Amino acid sequence: MSSTFDRTWIWHPAFPESQPDTAGLFLHFRRQFTLSIEPPKSLKIHISADTRYKLYVNQQLVSFGPVKGDQSMWFYDEVDIGPFLRTGENHVAVHVLRFFYATQFAPSFPRLPTGGLCILVPTDEGKYSELLRTSEQWESAVDPCASLRVDEPEDFFLHTYESHRRQHANSPLAWKPAKVLEFKNSTGNTPPWHLSPRLIPPHQIQPAWFTEIYNVHSDVPLETWRAVLLARPSEQARRAGVCLAPGSRHQFELEVAAHTTAFLRVWFLRPTSGGSAIQLTYSESYEDEPDLYVGVRRKAHRRDMTKQLFGPHDSYQLQGPANGPGPGYFVDEEETEVFAPFHYRTFRFIKIDIAVEGAELVFQGIDVDSCHYPLDLQAQIMAGPGDTTVDSLWTTSLRTLVNCMHDCYEDCPFYEQLQYAMDTRSSALFTYCVSGDDRLARQAIIQLYNSFQPRLGLTASRAPSHRQQFIPHFSLYWIGLLSDHLEYFDDHVFLSRFLAVVDAILASFAARIDTHFGLVKWDIRPGIWNYVDWTTEWKPYSYPPVCERTGFSTFTNEIYAYALSMAATLADALQRPAVADEYRERARHITVAVRKHCFDGEFFTDSLVSAQADDALTPRSQHSQVWAVLGGIVHGAEAQELLRKSIQQTKAGHFVQESVAMSFYTLRALSLAGGSLYEDHFHAFWEPWRSQLAMGLTTWVEDGNSQRSDCHAWGSAPLYEFTAEVAGVRPAAAGWKAIQVRPRLNLYPEMDARVPLRMVDGKTSGMVHVSWVRGATTTDVRVCIKVEMRHAARPVPVHIYLPGQEIVLEVNGSEVCFSTYVINPMARKW
């Protein structure tokens with residue numbers, strides 16, 4: 001029988017769960033013990049904390065976490081500390097960040113009503129468990145110097161930026177025995193954290209370096225700063241550091257090669273007196289002063305050094321001589337003083353301000369360790385000689401995606417670090433195309449599922465989060481996440497648990513259908529935001545104003561029909577044919593109603609045609625045309641004509657243009673409509689992306705209008721387009737049980753693409769290699785297709801579509817190759 005009480009969590013006995021002017025506090029935990037024998041080569045522990053932790057063993061950082069969780073699923077890490085233990089004295093330390101629960105600060109970081117630290121040794125009930133498991137033998141101390149800033153005017157989401165003040169008395173940390181938390185563990189009661197093993201691999205940590213220094217205001221020579229700060233500084237230069245005179249002030253700006261997410265460590269020789277200070281300001285771009293009131297940045301070329309760097313900052317005041325033992329995170333803490341911001345930082349540029357007070361200060365430099373999800377890139381795309389655009393689109397898209405992948409998919413690492421359903425749907429699909437990896441996507445699906453609210457019939461727009469938000473359309477994008485996972489992985493056991501919530505979401509839309517028009521009504525409830533897209537014309541709430549006046553949105557009904565179709569496919573796959581038929585019938589009724597009431601004979605209006613006619617000043621949007629195609633309201637030649645004409649109207653400025661956020665869906669509509677529409681508009685479509693490259697960006701902007709963030713993964717559409725559309729490699733049956741190869745040979749004279757299949761047990765199950773070269777006469781094309789399979793349980797059909805040809809081969813073993821000449825492809829139809 002299980003114990004009546006859970007006593008595995010500890011906490012500081014007098015931790016204040018509120019304090020003015022800070023979003024939370026830092027705590028230190030330590031355990032010291034002596035080993036008289038050689039420690040085991042492997043000793044695994046389970047560790048978790050609320051809110052975040054860093055684990056150090058003998059002054060080495062071993063682990064940080066946990067992955068963001070919530071009240072339904074709180075993660076722990078399994079960490080092998082055996083290699084870090086030693087014979088003799090051992091010091092285990094845990095640095096914990098605790099955000100206060102009863103505040104609205106830091107919505108990007110979920111937490112539960114009480115803080116806690118939990119360490120278990122699951123496979124050892126003897127000596128090591130006694131030494132390491134959380135108990136009153138651990139000591140804890142609240143950091144008296146550090147706070148989490150809430151005074152940053154453009155930081156509404158993170159509140160991870162730190163302010164460290166010197167203690168004038170310089171008293172040592174006030175260590176106290178940890179308090180064991182006691183939670184009833186019987187009769188249906190549990191601790192507040194429902195622990196789950198980590199679902200994703202550990203982060204990839206790699207050394208990075210600054211590449212240039214600008215705008216130096218210092219009496220220290222530039223070359224001295226360069227020797228310590230840039231590229232790979234020598235150990236000799238690092239040890240010597242830069243000697244800064246008492247009373248001096250120094251300012252300079254540092255650049256990394258590309259937009260980066262990284263942990264930082266700033267090193268000093270411990271000064272003989274405290275009071276000197278350093279401030280680090282993080283920025284994505286040089287710019288003119290932004291208008292934070294309306295949320296608009298004034299950016300031009302990102303490396304225009306005549307402008308300024310704006311952004312959030314950390315500040316650290318040096319303590320000076322050590323008075324008693326420190327927390328034990330770094331080697332030689334008595335001789336060096338290190339400022340290491342707890343959470344990773346996002347930047348392309350950092351402005352450094354140093355003020356030296358009291359005594360000479362020796363600055364020894366800054367370590368940079370890039371940090372992100374360990375995406376194993378398998379896909380490769382190469383165009384012919386002289387074509388640099390493809391490589392730039394590809395590498396920039398990949399960098400943007402990776403910078404938005406940490407322990408969740410993130411909308412933008414610089415501002416929010418929140419996992420939104422719309423953003424995550426496209427990011428997950430991009431991940432499948434370049435790596436075949438679904439581990440982060442599976443976690444996202446579960447976390448959004450856990451956010452479902454029966455009172456609304458909706459999943460939250462973002463999860464996990466300390467502050468829930470509801471955007472009805474985003475629940476439909478979550479259904480898209482499920483549909484994509486079915487297509488690429490066909491995991492019925494995994495997907496089956498979500499079907500009840502899919503049905504509840506669709507029922508919440510069906511419940512709002514107006515009996516007269518047959519259309520879903522506009523959702524007007526407290527706590528609901530009907531976001532559609534970031535467009536200038538729809539500010540500030542990002543949906544057509546006409547919808548609020550009429551109570552109907554064309555987009556809402558179109559995306560509802562789109563979701564019904566995806567849900568029907570899902571229900572069919574999960575052996576629920578009657579449910580699938582019901583969804584298709586609902587979709588049919590919606591498409592008929594949209595065409596009847598929202599189509600003026602030429603274009604789809606953003607609301608009722610009758611309302612649009614009453615207001616000639618209300619513009620139409622490209623969105624309503626795109627989603628009419630995706631929602632199955634128009635097809636074939638009619639869809640092609642609709643999109644061609646709407647693109648012309650949009651270019652002429654008559655229609656509201658979709659933003660980067662909607663780019664993926666515009667491309668899907670162009671592809672779905674068929675004909676030559678996709679090819680006709682493909683190269684021109686990327687002009688906004690090429691403009692960003694010309695402005696010195698190394699990742700894609702969130703929104704071309706406000707330019708709030710310079711890194712947002714929904715702009716990484718080239719990752720899908722080059723693999724699934726240009727190379728033409730997609731699943732022809734769920735889970736790659738059949739493969740489709742339909743290359744668009746007209747788009748490039750030469751192309752070489754490698755596209756992975758799904759990952760199984762951490763390894764790619766196969767690869768499709770597609771290449772072509774046009775012949776000397778420009779009408780002949782040499783096409784080569786190679787399919788490699790690993791451990792295929794049964795023959796896999798490969799459907800190859802070329803101009804004038806349709807071939808079906810089978811991979812019955814490890815690989816199959818196919819080569820052909822295509823004669824005059826420009827004159828043939830597929």
Side-chain angles (χ1 to χ4, degrees), residues 9-19 21-34 47 49-62 64 89-100 115-117 119 131-132 134-149 160 162-181 265-278 314-343:
W9 292 79
I10 60 173
W11 200 230
H12 188 276
F15 181 80
E17 262 296 338
S18 66
Q19 190 168 302
D21 304 324
T22 180
L25 291 172
F26 290 100
L27 298 92
H28 309 290
F29 291 84
R30 71 181 183 186
R31 183 81 167 91
Q32 299 175 85
F33 53 87
T34 301
I47 179 171
D50 189 338
T51 307
R52 309 281 274 182
Y53 78 86
K54 287 185 176 179
L55 170 67
Y56 296 85
V57 179
N58 292 323
Q59 291 77 48
Q60 295 187 69
L61 177 62
V62 177
F64 61 92
E89 291 295 320
N90 286 268
H91 185 278
V92 180
V94 186
H95 195 188
V96 173
L97 178 159
R98 167 63 178 174
F99 285 115
F100 297 142
L117 170 67
I119 299 176
L131 290 173
L132 291 166
T134 38
S135 69
E136 65 277 356
Q137 300 301 312
W138 282 76
E139 293 181 294
S140 63
V142 176
D143 193 319
C145 304
S147 61
L148 295 155
R149 295 181 52 237
T160 57
E162 302 174 22
S163 175
H164 292 253
R165 301 171 304 280
R166 175 177 176 251
Q167 283 190 295
H168 293 293
N170 201 19
S171 59
L173 288 169
W175 292 100
K176 298 179 181 295
K179 176 185 177 181
V180 175
L181 302 179
R265 293 180 300 280
V266 187
W267 294 84
F268 300 91
L269 278 184
R270 188 169 289 280
T272 57
S273 65
S276 295
I278 183 169
D314 291 310
S315 61
Y316 182 86
Q317 194 171 32
L318 280 86
Q319 296 295 310
N323 186 4
Y329 302 148
F330 304 103
V331 177
D332 299 327
E333 285 183 347
E334 291 186 0
E335 297 180 9
T336 61
E337 190 166 346
V338 183
F339 172 45
F342 187 92
H343 191 57

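Fair warning: this is a prediction, and the values are worked out from it, not measured in the lab.
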I'd like to check the ring-ring contact (aromatic ring centres under 6.0 Å, His included) partners of [X]; sequence neighbours left out, ordered by chain and number.
{"X": "Phe99", "answer": "Phe109"}
{"X": "Phe33", "answer": "none"}
{"X": "Phe100", "answer": "none"}
{"X": "His28", "answer": "His95, Tyr329"}

Practice problem: For Glu333, enumerate each residue passing the salt bridge (Lys or Arg N to Asp or Glu O under 4.0 Å) test, keeping only those at least two apart in sequence or located in another chain. | Solution: none
What heavy-atom pair brings [X] and [Y] nearest, and what distance separates the two atoms?
{"X": "Leu173", "Y": "Val142", "result": "CD2-O, 4.3 Å"}
{"X": "Phe339", "Y": "Tyr316", "result": "CD1-CD1, 3.4 Å"}
{"X": "Ala178", "Y": "Ser135", "result": "CB-O, 4.1 Å"}
{"X": "Thr134", "Y": "Trp9", "result": "OG1-N, 4.4 Å"}
{"X": "Pro13", "Y": "Ser140", "result": "CD-OG, 3.8 Å"}
{"X": "Thr160", "Y": "Leu148", "result": "O-CD2, 3.9 Å"}

Practice problem: Determine, stepwise, if the pair Arg31 / Leu131 fulfils side chain to side chain contact (heavy atoms under 4.5 Å, CB included). | Solution: CA-CA 8 Å; Arg31 183 81 167 91; Leu131 290 173; 4.2 Å; yes
Quiz item: Short question: side chain of Glu162, backbone of Ala146 - any donor-acceptor pair under 3.5 Å?
Solution: no
Quiz item: Checking Trp138 side chain against Leu132 main chain: does a donor-acceptor pair fall under 3.5 Å?
Solution: yes
Practice problem: Dump the intermediate steps for salt bridge (Lys or Arg N to Asp or Glu O under 4.0 Å) on Glu337 and Arg270, then the final yes or no. | Solution: CA-CA 5 Å; Glu337 190 166 346; Arg270 188 169 289 280; 3.3 Å; yes
Quiz item: Among all residues two or more places apart in sequence or in another chain, which pass the side chain to side chain donor-acceptor pair (under 3.5 Å) test with Gln317?
Solution: none
Quiz item: Would one find more than 12 heavy atoms of other residues, nucleotides or ligands at under 6.0 Å from atom CG of Asp21?
Solution: no
